[in-house]
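Please read the structure below before turning to the comments.
Chain naming here is simple, since letters A, B, ... match the order of the sequence lines and numbering starts at 1 in each. This one's a predicted model, so the numbers in the text were calculated from it and none came from an experiment.
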Number of protein chains: 2
Amino acid sequence: MPATSQRPNAGTKGVPRADREAQIVEAATEIFGTRGFAATSVGDIAERAGISKPLIYNYFGSKEGLLRACLHRAIDILAGEFERIASGDAVGLERALRTLEGTFALLEPQPWIWRLFFDPTIPRGEEGIAAELAHYADRFTALAEEGVGEMMRLAGVDDPLDISALTAVWMSVADSLVTWWLEHPEETPASMSARCLRLFQVVLSAPLPPGLAAE
Amino acid sequence: MPATSQRPNAGTKGVPRADREAQIVEAATEIFGTRGFAATSVGDIAERAGISKPLIYNYFGSKEGLLRACLHRAIDILAGEFERIASGDAVGLERALRTLEGTFALLEPQPWIWRLFFDPTIPRGEEGIAAELAHYADRFTALAEEGVGEMMRLAGVDDPLDISALTAVWMSVADSLVTWWLEHPEETPASMSARCLRLFQVVLSAPLPPGLAAE
DNA sequence: CTGGTAACTTACCCATTAGTCATATCGTTG
DNA sequence: CAACGATATGACTAATGGGTAAGTTACCAG
């Protein structure tokens, strides 16, 4: 028997660091992604992950370091595959549909990761994580803008502001579908894709508003 | 001359309570709306409004009370007009365009108010403001769902989940356009409306993806 | 069985910030 | 002009939450 036992729960539980880190990052990503960085406390994350707060600081150094780890994992999951999807040979609305399908498949395990890149509550100090985050968010935005711009040029529009606005709309559409999915967990990637096809169909087959009919 | 002067700036400045309240609410709405509730401190708001923190507590009781006041003003500005716009006789995409136009005109003075209703950093305790907020957010959602549902029934779709998803998408589209506007302050409500018309045109005139062409 | 190290936790520190108190000035009114 | 209520603030308290110090337990190599 040990001489003293003032910290009854202390001591290792035999979980390797890599495993714990993954587990913590997973929990953190979910809470950061749903509640926002600013509204989340490190204590909340520790509780959710079933460990204590100092372990997080041991492994990640700071709240921001934890966020950085979440981001890097998110990048690993998304970046390559996302560019592959976006660089297919489809254009216009078909490219949009393919991108949505790919996104749903990618995000299936944890849709929250997407939110990290566009969390408005992350402190916007020039230095630190904000810059890094902006870099990756911009990569996704650039990808989207490329697709949107291509479609608009086909339609004879090339006003950069129009492209910028429609890109924002498009990304928001994708985001809202992921969010909706979050609230309907029984949906599969396949059923989401099918649903999107139906929704496109409804919108595109709707009667044109006046002033927009001809041309 | 007064006997003592230990608080040099104390004392009334002759601003009636109603005016001060309006001024504070205006400042608070802007900061809450852009940075999020959780990431905003009462001190920041006081500084922005040019008054001291205790005055806010004097008038609104708590940070949550201040948010409630912001919400009520937002309701006053939006609710009636919004319902009038939505209850016009337009349907489908024309109703959508009309709603956007009305929204831009309404939000012109302070686009931030819109964000209050969908701020994810507001504490989600069952009791308190969250319930009230959900009530109003649901009213807007119901309005949108009515319009979307009408359009979808015209297109022969009546799956409630499809309606729910497209409603989420539609609200997100409106939100993203307001956000985009926030980042392009030189735009007027009229130019935003015109831009939306062009964007609709591009999307609707795009070549249909395969598998979606015929019926 | 004896170190050393990696995996843990309790109990704390301290900066920020929600919220309060006591006080000060002004306008009005009898 | 005295008294009062409304408008206002500097200086405090208390709690939250990021971050740390120091110690506890388990495993493993010699």
Discussion item. Below the 4.0 Å mark, does D/dT7 have OP1 or OP2 next to a side-chain nitrogen or oxygen of B/R20?
Written reply: no
Discussion item. Are the side chains of B/I51 and B/V15 in contact, using a 4.5 Å heavy-atom criterion?
Written reply: no
Worksheet item: Taking N and O atoms by type only, does the side chain of A/K13 place a donor or acceptor under 3.5 Å from a partner on the base of D/dA26?
Response: no
Worksheet item: Which of the following nucleotides, C/dT10, D/dG10, C/dA18, is nearest to the side chain of B/K53?
Response: C/dA18
Worksheet entry | C/dT20 OP1/OP2 closer than 4.0 Å to side-chain N/O of B/Y57 | no
Worksheet item: Is A/K63 side chain donor-acceptor paired with the D/dG19 base, going by distance under 3.5 Å alone?
Response: no
Worksheet item: Between D/dG19 atom C1' and A/L55 atom CG, what is the distance in whole Å?
Response: 14 Å
Fill in: B/K63 to B/F32, cation-pi by 6.0 Å centre distance and 45° axis angle
no
Discussion item. At 4.0 Å (heavy atoms only), tell me whether A/S41 reaches a base, stays on the sugar-phosphate, or touches nothing.
Written reply: sugar-phosphate
Practice prompt. Could you check how far CG of B/L67 sits from P of C/dG19, rounded to whole Å?
Written response: 12 Å
Worksheet item: For A/S172, does its backbone N or O pair with a side-chain atom of B/S172 as donor and acceptor, under 3.5 Å?
Response: yes
Fill in: Donor-acceptor contact below 3.5 Å, side chain B/D119 vs main chain B/F37
yes
Item to complete: Mind calculating the distance between CD1 (B/I51) and P (C/dT25) to the nearest angstrom?
Response: 19 Å
Discussion item. Which nucleotide wins on minimum distance to the side chain of A/V15, given the candidates D/dG18, C/dC8, C/dA18?
Written reply: C/dC8
Practice prompt. Would you mind reading off the distance between B/R17 atom CZ and C/dG27 atom P, rounded to a whole angstrom?
Written response: 19 Å
Worksheet entry | d(CD1, B/I56; P, C/dT17) in whole Å | 14 Å
Fill in: Rounded distance in Å - CZ (A/F60) to C1' (D/dT20)
18 Å
Worksheet item: Which whole-number value in Å describes the distance from B/F32 CZ to C/dT17 P?
Response: 13 Å
Worksheet item: With a 3.5 Å cut-off and no angle check, do the side chains of B/R73 and B/Q110 form a donor-acceptor pair?
Response: yes
Item to complete: Measure from the side-chain heavy atoms of A/Y59 and tell me the nearest of D/dT9, C/dA7, D/dG19.
Response: C/dA7
Response to the item:
Among C/dT20, C/dT9, D/dT7, the one nearest any side-chain atom of B/P54 is C/dT20
Worksheet item: For B/E64 and C/dT17, what is the distance between atoms CD and C1' respectively, to the nearest whole Å?
Response: 16 Å
